[in-house]
Amino acid sequence: MKVIKKQRNSRMCIICGMDNPVGLKAQFYNMEDGSVVCPFQFREEHQSFPQRVHGGLTATMMDEIGLRALWVDKDENTFGVTMSMEIKFRKPVPYNEDLLARAIVEKETSKFLIAKAELYTTKGELLSNAEIRYLKLSVEKIADNIDEHKEMCYLIEDGITEIYCPWAD
């Protein structure tokens with residue numbers, strides 16, 4: 001599937017923070033179908049039990065990509081906080097394997113956003129899916145003395161123009 005635009009990364013987020021030594025340093029791409037996609041790998045230190053990722057980290061990735069679905073057709077200055085998440089863990093999530101996270105906006109109002117998020121293997125096997133509700137808020141209402149331009153400071157151009165999306169087959 002065709003990549004339309006690359007999203008920015010932050011400094012210290014556990015999912016997208018480029019300066020976070022234990023983070024995933026995940027990259028996010030706006031896709032031609034209106035979704036956002038993230039190819040990534042969890043690492044062994046993200047496990048709960050041998051051979052599987054901690055469910056809390058799976059949920060954290062779903063939460064991150066769900067809000068990033070908002071940025072597919074907007075600038076990255078619109079933020080929000082998670083109100084609720086209903087997640088279904090379908091299969092154990094492996095570490096040290098290529099995975100794909102995907103999210104798309106299901107419904108949006110001036111104050112709220114509902115996103116659908118999914119996590120797949122590169123073979124198209126659904127590992128988890130979630131419906132996440134967010135309250136849209138300005139950065140000033142989320143945290144004190146934060147400059148979102150300094151925090152979301154990395155745009156890592158990598159030349160990726162297409163990502164194989166097995167769910168689209």
Side-chain angles (χ1 to χ4, degrees), residues 5-31 33-43 45-48 52-93 95 99-120 126-156 165 167:
K5 183 181 173 189
K6 181 106 183 262
Q7 293 188 4
R8 292 188 178 279
N9 282 67
S10 77
R11 292 180 332 93
M12 290 302 294
C13 173
I14 189 71
I15 299 295
C16 75
M18 299 310 291
D19 298 337
N20 188 330
V22 297
L24 294 178
K25 297 176 178 44
Q27 307 290 303
F28 297 85
Y29 302 85
N30 297 347
M31 306 303 288
D33 69 348
S35 69
V36 59
V37 169
C38 174
F40 75 102
Q41 281 191 7
F42 285 111
R43 297 186 306 271
E45 59 263 35
H46 299 132
Q47 72 176 289
S48 61
R52 59 190 64 199
V53 171
H54 192 286
L57 285 172
T58 299
T60 302
M61 171 54 88
M62 304 295 263
D63 187 22
E64 176 79 13
I65 200 161
L67 185 65
R68 283 175 172 270
L70 178 64
W71 296 344
V72 170
D73 64 357
K74 291 182 178 44
D75 64 38
E76 295 169 4
N77 295 321
T78 305
F79 288 88
V81 294
T82 309
M83 294 173 41
S84 67
M85 178 186 320
E86 182 180 341
I87 187 167
K88 294 182 181 168
F89 298 97
R90 308 243 177 226
K91 296 189 176 186
V93 175
Y95 51 80
L99 301 171
L100 293 163
R102 176 184 188 264
I104 195 160
V105 172
E106 285 194 323
K107 184 177 180 181
E108 181 181 2
T109 68
S110 61
K111 294 184 180 185
F112 301 100
L113 168 75
I114 300 173
K116 174 184 167 186
E118 301 159 326
L119 182 62
Y120 292 92
L126 180 65
L127 301 173
S128 65
N129 60 301
E131 181 179 278
I132 312 158
R133 296 171 186 268
Y134 302 92
L135 173 63
K136 292 188 205 173
L137 289 174
S138 66
V139 170
E140 298 80 27
K141 291 184 179 179
I142 296 172
D144 293 330
N145 302 316
I146 299 295
D147 180 345
E148 70 267 22
H149 301 290
K150 286 183 181 175
E151 182 57 31
M152 296 295 294
C153 60
Y154 293 108
L155 181 58
I156 302 157
C165 301
W167 56 84

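Starting from 1, each residue takes its place in the sequence as its number.
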Residue pair [X] / [Y]: nearest heavy atoms and the distance that separates them:
X      : Y      : value
Glu131 : Ile114 : CG-CG2, 3.6 Å
Ala117 : Met62  : O-CE, 3.4 Å
Trp71  : Thr78  : NE1-O, 2.6 Å
Phe42  : Leu119 : CE1-CD2, 4.5 Å
Ala26  : Met61  : CB-CE, 4.1 Å

For this session: Could you walk me through whether Leu24 and Ile14 pass side chain to side chain contact (heavy atoms under 4.5 Å, CB included), step by step?
Result: CA-CA 6 Å; Leu24 294 178; Ile14 189 71; over 6 Å; no
For this session: With sequence neighbours left out, write down each residue that passes side chain to side chain donor-acceptor pair (under 3.5 Å) with Glu86, or none if nothing qualifies.
Result: none
Just to verify, what does [X] make a side chain to side chain contact (heavy atoms under 4.5 Å, CB included) with, not counting sequence neighbours?
X      : answer
Gln27  : Lys6, Asn9, Met18, Tyr29, Ile156
Glu108 : Leu70, Lys74, Val105, Leu113, Lys136
Lys91  : Glu125, Leu127
Asp73  : none

For this session: Measure the shortest side-chain to side-chain distance between Phe40 and Leu100 over non-hydrogen atoms and say whether it is less than 4.5 angstrom.
Result: no
Exercise. Does any non-hydrogen side-chain atom of Phe112 lie less than 4.5 Å from one of Lys107?
Worked result: no
Once rounded to the nearest 0.5 Å, what's the spacing between atom [atom1] of [X] and atom [atom2] of [Y]?
X      : Y      : atom1 : atom2 : result
Ile65  : Cys16  : CD1   : SG    : 11.0 Å
Ser35  : Asn30  : OG    : CG    : 8.5 Å
Gln7   : Lys5   : CD    : NZ    : 8.0 Å
Tyr120 : Leu126 : OH    : CG    : 5.0 Å
Cys165 : Arg102 : SG    : CZ    : 7.5 Å
Lys25  : Ile15  : NZ    : CD1   : 11.5 Å

Seminar exercise, completed: For residues 52-61, the side chain to side chain donor-acceptor pair (under 3.5 Å) pairs (sequence neighbours left out) are none
Problem set entry | Intermediate values then yes/no, side chain to side chain contact (heavy atoms under 4.5 Å, CB included), Glu45 and Tyr95 | CA-CA 9 Å; Glu45 59 263 35; Tyr95 51 80; over 6 Å; no
For this session: Using the side-chain hydrogen bond (donor to acceptor under 3.5 Å, both in side chains) rule, pick out the option among Glu118, Lys88, Arg90 that qualifies with Asn129.
Result: Arg90
Within the distance-only criterion (no hydrogens, no angle test), does the side chain of [X] pair as donor or acceptor with the backbone N or O of [Y] below 3.5 angstrom?
X      : Y      : value
His46  : Gly23  : no
Thr109 : Lys111 : yes
Tyr134 : Asp63  : yes

Exercise. What's the verdict on side chain to side chain contact (heavy atoms under 4.5 Å, CB included) for Leu99 and Val93, showing C-alpha distance, side-chain angles and the deciding distance?
Worked result: CA-CA 9 Å; Leu99 301 171; Val93 175; 3.8 Å; yes
Exercise. Are Arg68 and Phe28 in a cation-pi setup, meaning NZ or CZ lies under 6.0 angstrom from the ring centre and within 45 degrees of the ring axis?
Worked result: yes
For this session: Could you check Glu106, Met85, Lys116 and say which one makes a side-chain contact (heavy atoms from CB on, under 4.5 Å) with Ile132?
Result: Met85
